[in-house]
Amino acid sequence: MRVLSGIQPTGRFHWGNYFGAIRQYVALQSHPDDAFYFIANLHALTTVRDAAVLREYTYNAALDLLGLGLDPGKATLFVQSDVPEVSELCWILMTVANMGLLERCHAYKDKKAKGVAADTGLFTYPVLMAADILLYDSDLVPVGEDQNQHIEVARDLAGTFNHLFGETFVLPKGYILPDSAKVVGTDGENKMSKSYNNTIEVFEDVGVMKKKVMRITTDSRPVEMPKDPNTDPLYQLYSLFASREKASEMAELYRKGGFGYGMIKKELAELAADYFAEARERREVLAAQPEKVREILGDGAARARKKAAEVLLRAQTACGIKG
Ligand code: ADP
Ligand code: TRP
């Protein structure tokens, strides 16, 4: 069974990306042939319009993922554009993609609703994502709830193609993380996201991270008042990092009342620094060996291309452009 997922290099990864996506990638890796993960730089082109910045984000994404525990001995890690077969499959799939289907996809629909001009890259973004998935005979695609619609598009396009040209593509399944896995942002209100400017980066300088934690928005209920931990954003962040016992002790404290938020913030900052300390060290060791990172990505691309060539040929033969 092949697990596949992609993540866009549109900035440095934050706690939401880690707990909502990357942690699952690491948990699902077992053998390079079974776990394919890639850095979606072709998708990022729809928003990052600076070559040097995109290069830097892409390289840092690789370092971050490896630091966080993606193991090239257990997973294939590659950069999307290093497998040019994906662009050809994208075109083939575009020829069977219904306009209405893409018009309903939220990235494009939301932009249009706001009256912002969208380019065709954004409009056909879900087709490229379908190509990413179908090109490797992927069975399972772990993603956040927001990507569910795109998995449906991939299934739809695979089904249409198979219907027209005979069994060609494996129908993928989404492995959708529950909504409760959503990490709240430092505004205490919205989900943590670059677009809300409420993020804390995984490899943020520890001093900066602490400052950001101290600035997390909390309510102004008096110290002595008992509070419900389950509805408190600070508690939600705290429990991502705390052991089960520590989290339940803290929940008890919330119910009793009589504490200020500052003390919890200090503890959260310390827990978060410890939590990522090993990953940070691993990342630093790799950062000093850029040739090793390039080698890992080169090997990953070679492995991915082998599978891609096989599936692309199958699709080309099925629809009559080869053979
Ligand atoms: P951003 O919203 O910061 O641009 P992305 O949309 O690039 O982040 O998200 C990349 C991955 O991380 C997706 O799989 C997404 O579901 C997950 N993710 C992003 N933000 C969160 C969050 N706050 N909580 C849980 N998962 C998240
Ligand atoms: N669109 C996904 C996101 O923004 C990233 C992505 C691109 C992806 N291609 C994919 C995810 C294929 C899973 C499978 O998070």
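Ligands are counted one by one from 1 in listed order, and the atoms in each one are counted from 1 as well.
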Side chains of Glu267 and Tyr238, donor plus acceptor under 3.5 Å: yes
Contacts of Tyr59 meeting ring-ring contact (aromatic ring centres under 6.0 Å, His included) (sequence neighbours excluded), chain-then-number -> none
Identify, for atom 5 (C) of ligand 2, the protein heavy atom at the shortest distance, and state residue, atom and that distance. Gly6 O, 3.5 Å
How does Asp146 reach ligand 2, by side chain, by backbone, by both or by neither, if only non-hydrogen atoms under 4.0 Å count? neither
Would you confirm whether the ring centroid of Phe241 sits within less than 6.0 angstrom of the ring centroid of Trp15? yes
Checking side-chain polar atoms at under 3.5 Å, does Asp228 have a donor or acceptor matched by the opposite partner on Tyr254? no
Just which atoms of ligand 2 are under 4.0 Å from any heavy atom in Tyr125? 1 (N), 2 (C), 3 (C), 4 (O)
Mind listing the N or O contacts between ligand 1 and protein, cut-off under 3.5 Å?
{"from": "ligand 1", "atom 1": "2 (O)", "to": "Ser193", "atom 2": "OG", "distance (Å)": "2.7"}
{"from": "ligand 1", "atom 1": "3 (O)", "to": "His14", "atom 2": "NE2", "distance (Å)": "2.7"}
{"from": "ligand 1", "atom 1": "3 (O)", "to": "Lys194", "atom 2": "N", "distance (Å)": "2.8"}
{"from": "ligand 1", "atom 1": "3 (O)", "to": "Lys194", "atom 2": "NZ", "distance (Å)": "3.3"}
{"from": "ligand 1", "atom 1": "4 (O)", "to": "Lys194", "atom 2": "NZ", "distance (Å)": "3.2"}
{"from": "ligand 1", "atom 1": "8 (O)", "to": "Asn17", "atom 2": "ND2", "distance (Å)": "3.4"}
{"from": "ligand 1", "atom 1": "9 (O)", "to": "Asn17", "atom 2": "ND2", "distance (Å)": "3.3"}
{"from": "ligand 1", "atom 1": "12 (O)", "to": "Asn17", "atom 2": "ND2", "distance (Å)": "3.1"}
{"from": "ligand 1", "atom 1": "16 (O)", "to": "Asp146", "atom 2": "OD1", "distance (Å)": "3.1"}
{"from": "ligand 1", "atom 1": "20 (N)", "to": "Met192", "atom 2": "O", "distance (Å)": "3.3"}
{"from": "ligand 1", "atom 1": "23 (N)", "to": "Val183", "atom 2": "O", "distance (Å)": "2.9"}
{"from": "ligand 1", "atom 1": "23 (N)", "to": "Met192", "atom 2": "N", "distance (Å)": "3.2"}
{"from": "ligand 1", "atom 1": "23 (N)", "to": "Met192", "atom 2": "O", "distance (Å)": "2.9"}
{"from": "ligand 1", "atom 1": "24 (N)", "to": "Val183", "atom 2": "N", "distance (Å)": "2.8"}
{"from": "ligand 1", "atom 1": "26 (N)", "to": "Gly16", "atom 2": "O", "distance (Å)": "3.2"}

Hey, which atoms in ligand 2 end up nearer than 4.0 Å to a heavy atom of Ser5? 11 (C), 13 (C)
So, the side chain of Tyr235 versus the backbone of Asn230: is there a donor-acceptor pair under 3.5 Å, distance only? no
Close N or O approach (Gln80, ligand 2; < 3.5 Å): no
Give the contacting part of Leu128 toward ligand 2: side chain, backbone, both or neither, where contact means a heavy-atom distance below 4.0 Å. neither
Go through Thr186 and Arg215 one step at a time and tell me if the side chain to side chain contact (heavy atoms under 4.5 Å, CB included) criterion holds. CA-CA 7 Å; Thr186 53; Arg215 283 202 300 264; over 6 Å; no
If we number the atoms of ligand 2 from 1 as shown, the ones under 4.0 Å from a heavy atom of Phe38 are 9 (N), 10 (C), 12 (C)
Are any of the N/O atoms in Gln8 less than 3.5 Å from those in ligand 2? yes
Who pairs with Arg155 by salt bridge (Lys or Arg N to Asp or Glu O under 4.0 Å), at least two apart in sequence or on another chain? none
Taking only non-hydrogen atoms of Gln147 and a 4.0 Å limit, the atoms of ligand 2 in range are 1 (N), 2 (C), 3 (C), 4 (O), 15 (O)
Nearest non-hydrogen contact to atom 14 (C) of ligand 2 from the set Val143, Thr10, Val141, Leu42 belongs to Val141
ILVMFWY cluster membership beyond Leu54 - transitive side-chain contacts under 4.5 angstrom: Leu45, Val48, Val53, Tyr57
Can you tell me if Thr10 and Lys194 form a side-chain donor-acceptor pair at under 3.5 Å? yes
Looking only at distance, does His150 have an N or O less than 3.5 Å from an N or O of ligand 2? no
Is it true that Asp82 and Arg294 have a side-chain N and a carboxylate O under 4.0 angstrom from each other? no
for atom 9 (N) of ligand 2, nearest protein heavy atom and its distance come out as Asp132 OD2, 2.8 Å
Checking side-chain polar atoms at under 3.5 Å, does Asn60 have a donor or acceptor matched by the opposite partner on Arg55? no
Under 4.0 Å from any heavy atom of His43, which atoms of ligand 2 are there? 7 (C), 9 (N)
Give a yes/no verdict on a cation-pi contact between Lys227 and Phe259, requiring under 6.0 Å between NZ or CZ and the six-membered ring centre and an angle within 45° of the axis. yes
